[in-house]
Amino acid sequence: MIEGKGNRESNDANPRVRFAPSPTGRLHLGSARTALFNWLFARGSVGTMVLRFEDTDRERSRVEYEKDILDSLKWMGIDWDEGPDVGGEFGPYRQSERLPLYREYAEKLYEAGIAYRCFCAPEEIQRRKEETIRKGISWRYDRRCLTLDDASVRRFEEEKRPYALRFKVPEMSVKVVDLLRGVVQVDSSEIDDFIIMRSDGSAGFHLAVVVDDITMNITHVIRGDDHLTNAVRHVMLFEAFGAKPPVFVHHSLLMGPDGAKLSKRHGATSVSEFREQGYLPQALVNYLALLSWSPGDEREIFTLNDLVREFRIDNLSASKAIFDFDKLNWLNRQHVKLLSSEELADAVIPFIESANLFEILNLPREKLIIAVESVRNNIEKLTDAIEPIRIYTAKPGDFSSKALEELKRSPDVRRALEICIDILGTEREADESAAEKIVEGMRESAALKDWKPKRILWPFRLAVTGSTVGPDLKFLIMFWGPAGCAERIRATLKVLDNLGI
RNA sequence: GGCGCAUUCGUCUAGUCAGGUCCAGGACGCCGCCCUCUCAAGGCGGUAACAGGGGUUCAAAUCCCCUAUGCGCCA
């Protein structure tokens, strides 16, 4: 055993957690869920959230992905106390900048005799591995270099043959303490001597992770279930460094509808894609939390603050979670309902912009808010607002062929429309209650003539909007104003004149 | 191939640790009805599950064992 820096200043009351993504792609939904669990756990107590980039794969790591990850987390409402952008006393927070540390720690193991040089060429290992597997035997490194004689070592050194450093796995029963799965025990004979420093001088994944978690004083490691068996290696390393292993939480993985790991072929997989498709961050976060977590009662709609208050990490379900777009859509709708008219308009505006709907964008703000509010019930994703809102760009007297058909077919259509004009009056503006009163007035006139309301209301909609579908009538009156609506109806009557109706 | 983890309606889950209150509750989806000027939204109702097999027990979704399947790691 080696004396390490494993003295944890923090404890369960002040946990230190980390989210450690690889910047090799946009923030994946599965990673976002891991980040959320870490964050909720930290914020639910007086904890510290650390962000660390595991960018040792220089080939595939990109700064633009780092930016996407940072932006996506912020968009979801997740923040961090230490990280590559904000710094902190345990930095640097990129693995690519921590190589000297890994070397130092690897060296300690080598000097203590619990790591050894392995001169086997990677291609040679690969060849032996394939051969072993072909025989149906499970592959484990054969420790050929553990027992090299001095002469061979000297020869290799003279040849300047590159070597990797392997961890000499001790004989022991390894216990991984996991909050969701209890104590997972594995006999170390199942584990082969893994590489801690590669022959190209870079650090092995397991070493880097453990050294970082030790030196960053991480108390709780919350990550995907795919690392559960890796945790066995990690625990051995922690102990080799004389450090106390953290508490582990290996949460279930996120799967696609077919049960395979959620990936591109299932559709959108990155947080930024969901953002572009018109999902609200509140809804996405709510949904991600609800996959695997439940408050124990029947509530389902949660804000971030609710979640911080109620979330318990040990309440997570241990079984896999299949991503269900339908439920996410429903939740998004629920969160759309919770927005004020102003908030909804602000959320939708970027999408109106990308649709180049300038006629809507250039509207006075109060009209724009009415327009957006009027299509609220048609919105599942924010992009859904675009089509219905186009109704407000219709020119008076323009009709869809279907609307014109309906108009022709309506009994006493001229009479009905004249009644509408009468009731609308000459006011230029109407607030909600005034608009409702006007619609009520139309109903009453219908009743007076012993007509069904439809005989007046339907022609009114058709005449004003030129369409058979659209928002509640009161919004039309609020948007164009009573006089404006009357004007549009007159335009319709002219069209009917020309058609001889 | 070895090892590990998991398994309640199609999906997410409650219930499992402390066995009876569960012929299993909620939600999404789907279906139907109601409301309704349209599309929606909303209201009401319906559909549907303890992976299989053995135990233990007066009693098991809950405890034990085996099998199967899925997923993961070694890769």
Side-chain angles (χ1 to χ4, degrees), chain A residues 125-126 129-130 132-141 169 174 176 178 180-182 184-194 206 224-233 250-261 286-301 314-334 336-337 374-380 384 387-388 391 400 402-403 406 410 416 420 439 442-443 446 451-465 467-474 476:
Chain A
I125 298 259
Q126 188 61 29
K129 187 186 293 179
E130 277 164 17
T132 314
I133 289 171
R134 194 152 4 94
K135 287 183 195 151
I137 303 167
S138 76
W139 160 260
R140 228 159 282 167
Y141 177 66
V169 169
V174 187
V176 177
D178 187 288
L180 300 182
R181 294 157 211 280
V184 178
Q185 276 203 47
V186 175
D187 197 291
S188 71
S189 63
E190 297 298 334
I191 312 290
D192 71 348
D193 291 348
F194 54 91
H206 304 299
D225 181 42
D226 48 348
H227 285 110
L228 183 56
T229 40
N230 286 335
V232 173
R233 286 170 244 280
H250 288 97
H251 69 247
S252 63
L253 259 23
L254 191 55
M255 304 299 200
D258 58 355
K261 220 170 162 180
N286 192 162
Y287 181 63
L288 253 19
L290 235 40
L291 278 173
S292 292
W293 177 82
S294 142
D297 54 39
E298 276 152 21
R299 290 168 302 156
E300 295 206 289
I301 313 296
D314 48 0
N315 256 135
L316 285 177
S317 146
S319 54
K320 48 96 190 96
I322 291 178
F323 193 86
D324 180 17
F325 287 87
D326 284 333
K327 182 108 187 197
L328 204 216
N329 288 342
W330 175 79
L331 263 175
N332 203 54
R333 179 160 252 161
Q334 303 312 307
V336 163
K337 280 187 188 143
S374 76
V375 299
R376 178 180 216 126
N377 287 341
N378 295 290
I379 299 179
E380 191 162 71
D384 295 334
E387 274 320 298
I391 198 116
S400 74
K402 237 170 121 189
E406 285 291 323
S410 299
C420 289
V439 177
M442 292 178 186
R443 295 199 128 89
W451 285 358
K452 286 192 172 161
K454 182 168 186 173
R455 273 181 83 167
I456 291 191
L457 298 180
W458 187 225
F460 173 69
R461 162 178 303 289
L462 299 167
V464 172
T465 66
S467 166
T468 56
V469 296
D472 198 277
L473 298 178
K474 76 176 177 196
L476 305 180

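Numbers restart at 1 for each chain; the letters A, B, ... are given by sequence-line order, proteins then strands.
Across the protein-nucleic acid pair, A:Leu253 atom CG and B:C12 atom C1' stand 16 Å apart, rounded to whole Å. Atom CH2 of A:Trp330 is separated from atom C1' of B:G10 by 18 Å (rounded to the nearest Å). Rounded to whole Å, atom P of B:G70 lies 17 Å from atom CG of A:Asp225. Between the CG atom of A:Leu228 and the P atom of B:A6 there is a distance of 9 Å, given to the nearest Å. Nucleotide B:G42 holds its C1' atom 8 Å from the NZ atom of A:Lys337, rounded to whole Å. The CG-C1' distance, from A:Asp472 to B:C37, rounds to 9 Å in whole Å. As a whole-Å value, the separation of A:Glu190 CD from B:C74 C1' is 10 Å. Whole-Å rounding puts the A:Gln334 CD to B:A41 P distance at 10 Å.
No engagement by A:Lys452 is indicated, since no non-hydrogen atom pair under 4.0 Å with the nucleic acid exists. Counting any heavy atom pair closer than 4.0 Å across all strands shown, A:Thr465 reaches no nucleic acid atom. At the heavy-atom level, A:Met255 lies under 4.0 Å from the strands shown only through sugar-phosphate atoms. A:Thr468 comes within contact range of at least one nucleobase, with a heavy-atom separation under 4.0 Å. Residue contacts shown for A:Asp326 are limited to sugar-phosphate atoms, with no base heavy atom under 4.0 Å away. Looking at heavy-atom distances under 4.0 Å, A:Leu473 makes contact with a base. Within 4.0 Å of A:Arg333, counting heavy atoms only, lie sugar-phosphate atoms of the nucleic acid but no base atom.
No side-chain heavy atom of A:Leu253 sits less than 4.5 Å from a side-chain heavy atom of A:Lys320.
B:C31 and B:A40 have their P atoms separated by 12 Å, given to the nearest Å. A distance of about 45 Å separates the P atoms of B:G54 and B:G43, rounded to the whole Å. The same atom, P, is picked in B:U8 and in B:G52; the two are 11 Å apart, to the nearest Å. Here, B:U21 and B:U62 have their P atoms 13 Å apart, quoted to the whole Å. Here, B:A18 and B:C65 have their P atoms 15 Å apart, quoted to the whole Å. On the P atoms, B:U13 is 14 Å away from B:A6, given to the nearest whole Å. The same atom, C1', is picked in B:C44 and in B:C5; the two are 43 Å apart, to the nearest Å. Rounded to a whole angstrom, the distance from the P atom of B:G72 to that of B:C33 is 44 Å.
Comparing B:U13, B:C28, B:C71 by their nearest atom to the side chain of A:Ser294 picks out B:U13. Here the side chain of A:Val184 is nearest to one of B:C73, B:G4, B:C37, namely B:G4. Among B:G4, B:G10, B:A27, the nucleotide with an atom closest to any side-chain atom of A:Lys327 is B:A27. Residue A:Asn378 places its side chain closer to B:C39 than to any other of B:U7, B:C39, B:U11. When distances are taken from the side chain of A:Arg461 to each of B:C74, B:U13, B:C37, the shortest belongs to B:C37. Nearest nucleotide to the side chain of A:Val186, out of B:G4, B:U13, B:G26: B:G4. Among the nucleotides B:A75, B:G25, B:C12, the one closest to the side chain of A:Ile322 is B:C12.
For the pair A:Ala318 and A:Ile379, nearest-nucleotide mapping onto RNA chain B gives the more 5' position to A:Ala318. Nearest-nucleotide assignment on RNA chain B puts the 5′-proximal partner with A:Leu180, out of A:Leu180 and A:His227.
The OG atom of A:Ser410 sits 11.5 Å away from the CD1 atom of A:Ile456 when rounded to the nearest 0.5 Å. In this structure, CG on A:Asn329 lies 13.0 Å from CD1 on A:Ile379, to the nearest 0.5 angstrom. Rounding to the nearest 0.5 Å places CZ of A:Arg461 at 11.0 Å from NZ of A:Lys454. Rounded to the nearest 0.5 Å, atoms CD (A:Gln334) and CG (A:Asn286) are 9.5 Å apart.
Here B:C37 sits opposite no nucleotide as a Watson-Crick or G-U wobble pair (both hydrogen-bonding atom distances under 3.5 Å). Figure legend. B:U21 is base-paired to no nucleotide; pairs are counted as Watson-Crick or G-U wobble with both atom distances under 3.5 Å. Applying the Watson-Crick and G-U wobble criteria (two distances, each under 3.5 Å), B:C71 pairs with B:G4. In this structure B:C30 sits in a base pair with B:G46, meeting the Watson-Crick or G-U test at under 3.5 Å. With a cut-off of 3.5 Å on both pairing distances, the Watson-Crick or G-U wobble partner of B:C63 is B:G55.
When each of A:Asp178, A:Asn230, A:Thr229, A:Asp226 is checked for a side chain to side chain donor-acceptor pair (under 3.5 Å) with A:His250, only A:Asp178 meets the rule.
For the OP1/OP2 pair of B:C12 and a distance below 4.0 Å, the side-chain nitrogens and oxygens of A:Lys320 include at least one atom meeting the criterion.
Under the 4.0 Å criterion applied to side-chain N and carboxylate O atoms, A:Asp472 and A:Lys474 are not assigned as salt-bridge partners. Between A:Asp225 and A:Arg181 there is a salt bridge, since a side-chain N of the basic residue sits under 4.0 Å from a carboxylate O of the acidic one.
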